[in-house]
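As structure tokens, the structure follows; a few thoughts come after it.
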Amino acid sequence: MSIRLVVNGEDRQVPFSLSVADLLVDLELETRRVAVEHNCRVLKRDEFPAVILADGDRIEIVHFVGGG
């Protein structure tokens, strides 16, 4: 069973019962280098495993890149 999310403005199908932490793993992003907004609320990093995604959720992910 899957659900539909909007991730950074794009529709995405993901498995039911996926956490924000699981989504980041699926997207191959390190939790230390991202900021995540879930339904217009910025999440703390320690919330990522506890927030379970639901059908229709909106996720915005900002990935920090180092360099100079």
Side-chain angles (χ1 to χ4, degrees):
M1 182 175 204
S2 66
I3 59 172
R4 184 191 63 80
L5 304 176
V6 177
V7 179
N8 290 352
E10 296 184 16
D11 285 335
R12 183 177 197 86
Q13 294 282 7
V14 299
F16 181 76
S17 225
L18 198 70
S19 71
V20 170
D22 296 330
L23 176 64
L24 294 174
V25 169
D26 188 53
L27 296 172
E28 299 179 0
L29 297 172
E30 290 187 40
T31 59
R32 296 176 301 138
R33 304 191 77 152
V34 297
V36 178
E37 182 182 273
H38 173 247
N39 295 331
C40 299
R41 185 174 82 77
V42 177
L43 299 176
K44 294 179 184 175
R45 195 168 282 113
D46 62 353
E47 294 178 283
F48 293 176
V51 175
I52 303 301
L53 300 168
D55 193 54
D57 280 355
R58 298 184 74 79
I59 304 293
E60 294 293 326
I61 303 170
V62 177
H63 182 237
F64 299 105
V65 179

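These numbers come from a predicted model, not from an experiment.
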Checklist entry - Quick check: are there more than 12 heavy atoms from other residues, nucleotides or ligands sitting under 6.0 Å from CZ of Arg58? => result no

Checklist entry - Roughly how far apart are Glu60 CD and Asn8 CG, rounded to 0.5 Å? => result 4.5 Å

Checklist entry - So do the side chains of Arg12 and Asp26 get within less than 4.5 Å of each other, counting heavy atoms only? => result yes

Checklist entry - Between Ser19 and Pro49, which heavy-atom pair has the shortest distance, and what is it? => result CB-O, 3.4 Å

Checklist entry - Got a sec: does the CD of Glu10 have more than 12 other heavy atoms crowding it under 6.0 Å? => result no

Checklist entry - Taking ILVMFWY side chains as joined if any heavy atoms are under 4.5 angstrom apart, and letting links pass through other members, which residues group with Ile59? => result Met1, Ile3, Leu5, Val7, Val14, Phe16, Leu18, Val20, Leu23, Leu24, Leu27, Leu29, Val34, Val36, Leu43, Phe48, Val51, Leu53, Ile61

